[in-house]
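All ligand and atom numbering here is 1-based and tracks the order in the structure.
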Amino acid sequence: MSTGKPDVGKEAAAIRDQGYVLIPDFLSPGQMSSIREALAPHLRREHLGRNNFEGHETERVYSLVGLGKLFEDLAEEPRIMALCDAFLEPNYLLTASQAICIHPGESPQAFHTDDAFYRIPRPRPAVSLSTIYAIDPFTAENGATQIVPGSHAWSDPELENILKAIDFETRGPEERRPRPPDPTIEGKIEGKVIDATMPAGSVIVFLGTFLHRGGANRSTAPRLALSNQYCQPWARQQENYLMSIPRERVRRMSPGVQSLLGYSIHPPFMGHVKGVHPRRLLEGGGTGREMK
Ligand SMILES: O=C(O)CCC(=O)C(=O)O
C-alpha cells in the first residue's frame, strides 16, 4: 500500500483538470500476491457476466470488501481517502467493490460513466469517485481500461444516449453475442480514446462523470483488476453491503470501513435506524425499539 503521509494536491488537480489520474507503484508485489491468493477460489469461471455490460467473458467478484482484511484495508487506503475527501462530502460511502477479471476473447464494454444512473443534469460535480487497480499489467492487448480524458466536463447533449447504449439485458449462453460498437458515442470520441496502460500495482482514479470502458482482451491471458468506487453520502449505493456482508463480520471491521459500508449518518439523520445511529447495531445495543 502507498506509504507516508499522502500529499494528494497534484493528483486532485489532475483529476479536476483531466477527470483522472494514474498513480504507478501503488500496491506492493506482496500485496498483489496476497490479493491473487485470496481471489483464486472465487475466480474459477463459475460466475461469468450475464449481459453485455458485465461481459460474457468477464468474471466479477462483488462485495469484495467483505472477503477479508486486505480488501478492507484497500477500501480505506489513506491516499484514496484523501482524494475522496477532496471530491466528496464527509461520510461518503463505498458504492461498489469488485474484482474484474477480463478473459481472452472478451469484446470491449460500452463506454459509460460510473455515476450516470444519478439523473442529475451535466455538466455537474461528480456524485462518485472510482478506482481501478491493475493486478496484472494493463496493456492495449489484454483489455486495459479505455478512457476519454476531459470527458468529465462534457454536457448531457455531448453524452446523449449514453445510458441507452449500455446493454444490461440478460441472455443465456445460446444468445450471447459480441458487444456491438456503440453508434451514439463512437463518432464523438474518435481520436480521443486512450488505453490506460499501466504496470501491475498501479491505480487509476477518476470521477464518476468520466467516460471509460473495459477494453477487449485480444491476448492469451486474463487481465485482473480491482475496483472500489465511492459516492456522496446522500446517494444510493450500487451494492447493498448491509445485506451482502453479515453483521458479525462487519463488527470486526474498522470504524472507517463500517462507515463506508453504510453504518453511518449523513447529517442530520439520513441513514438512521428507528431514530438511532446505525453504529449502535454493531455495538450490540440495538435501537431500543425492536419489532416484536
Ligand atoms: O474493467 C475495466 O477496465 C473497467 C470496467 C468498468 O468500467 C465497469 O465494469 O464499470
Side-chain angles (χ1 to χ4, degrees), residues 15 19-23 26-27 32 35 39 42-43 47-65 74 94-118 126-149 151-152 159 162-170 179 182 185 189 193-219 221-231 235 237-239:
I15 294 175
Y20 78 103
V21 69
L22 202 158
I23 311 173
F26 199 87
L27 300 175
M32 286 187 283
I35 287 169
L39 283 176
H42 303 276
L43 293 173
H47 297 289
L48 289 166
R50 296 151 296 180
N51 52 51
N52 273 343
F53 188 78
E54 287 183 319
H56 293 294
E57 285 301 324
T58 297
E59 275 181 292
R60 287 173 193 257
V61 181
Y62 290 113
S63 283
L64 188 68
V65 63
L74 195 61
L94 190 66
T95 176
S97 178
Q98 53 182 287
I100 307 175
C101 186
I102 302 184
H103 286 280
E106 182 61 284
S107 49
Q109 209 178 21
F111 276 104
H112 62 280
T113 62
D114 283 340
D115 72 3
F117 32 69
Y118 304 110
V127 179
S128 66
L129 192 75
S130 296
T131 62
I132 299 184
Y133 299 87
I135 306 303
D136 287 311
F138 275 25
T139 69
E141 288 71 42
N142 77 356
T145 311
Q146 294 190 299
I147 59 173
V148 185
S151 57
H152 63 302
L159 287 174
I162 182 120
L163 260 193
K164 283 186 213 140
I166 300 175
D167 183 0
F168 289 109
E169 200 183 317
T170 300
R179 294 184 270 194
D182 169 0
I185 202 80
I189 58 173
V193 179
I194 60 175
D195 295 312
T197 56
M198 49 184 172
S202 314
V203 63
I204 180 169
V205 184
F206 54 87
L207 293 169
T209 43
F210 185 67
L211 205 50
H212 67 282
R213 69 176 176 184
N217 189 342
R218 293 180 294 270
S219 78
R223 186 228 70 179
L224 181 59
L226 307 186
S227 180
N228 284 328
Q229 301 176 20
Y230 305 85
C231 70
Q237 292 153 281
Q238 293 176 49
E239 291 193 89

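When each atom of ligand 1 is checked for a heavy atom of I132 under 4.0 Å away, the hits are 4 (C). Within the listing of ligand 1, atoms 2 (C), 3 (O), 4 (C) sit less than 4.0 angstrom from a heavy atom of G214. Near I100, meaning under 4.0 Å from any of its heavy atoms, are these atoms of ligand 1: 1 (O), 5 (C). Atoms of ligand 1 found under 4.0 Å from any heavy atom of F53 (numbered from 1 in listed order, with element): 10 (O).
For atom 2 (C) of ligand 1, the candidate residues are R223, R213, Q109; the nearest heavy-atom contact is made by R223.
At least one side-chain heavy atom of T145 sits under 4.5 Å from a side-chain heavy atom of R223. Between T131 and L129 there is no side-chain heavy-atom pair separated by less than 4.5 Å. Annotation: side chain of L27 is not in contact with side chain of V203 (no heavy-atom distance under 4.5 Å).
Assignment of F138 to the shell around ligand 1 is not supported, since no heavy atom sits closer than 4.0 Å.
By the criterion of a heavy-atom distance under 4.0 Å, the side chain of H212, and not its backbone, is placed next to ligand 1. Contacts between T145 and ligand 1 below 4.0 angstrom, taking non-hydrogen atoms only, involve backbone and side chain alike. With a 4.0 Å heavy-atom cut-off, ligand 1 is reached by the side chain of R60 but not by its N, CA, C or O.
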Show me the donor-acceptor pairs within less than 3.5 Å that the side chains of residues 94-102 make with the rest of the protein, sequence neighbours left out.
from: T95; atom 1: OG1; to: Q238; atom 2: N; distance (Å): 2.8
from: S97; atom 1: OG; to: V65; atom 2: N; distance (Å): 3.1
from: S97; atom 1: OG; to: N228; atom 2: OD1; distance (Å): 2.9
from: Q98; atom 1: OE1; to: R60; atom 2: NH1; distance (Å): 2.8

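Here the closest non-hydrogen pair linking N142 and S219 is CB-OG, 3.5 Å.
Among the candidates H112, Q109, Q146, the single residue satisfying the side-chain hydrogen bond (donor to acceptor under 3.5 Å, both in side chains) test with H212 is H112.
In this structure, a donor-acceptor pair under 3.5 Å is absent between the side chains of D114 and S128.
Shortest contact from atom 10 (O) of ligand 1 to any protein heavy atom: H112 NE2, 3.0 Å.
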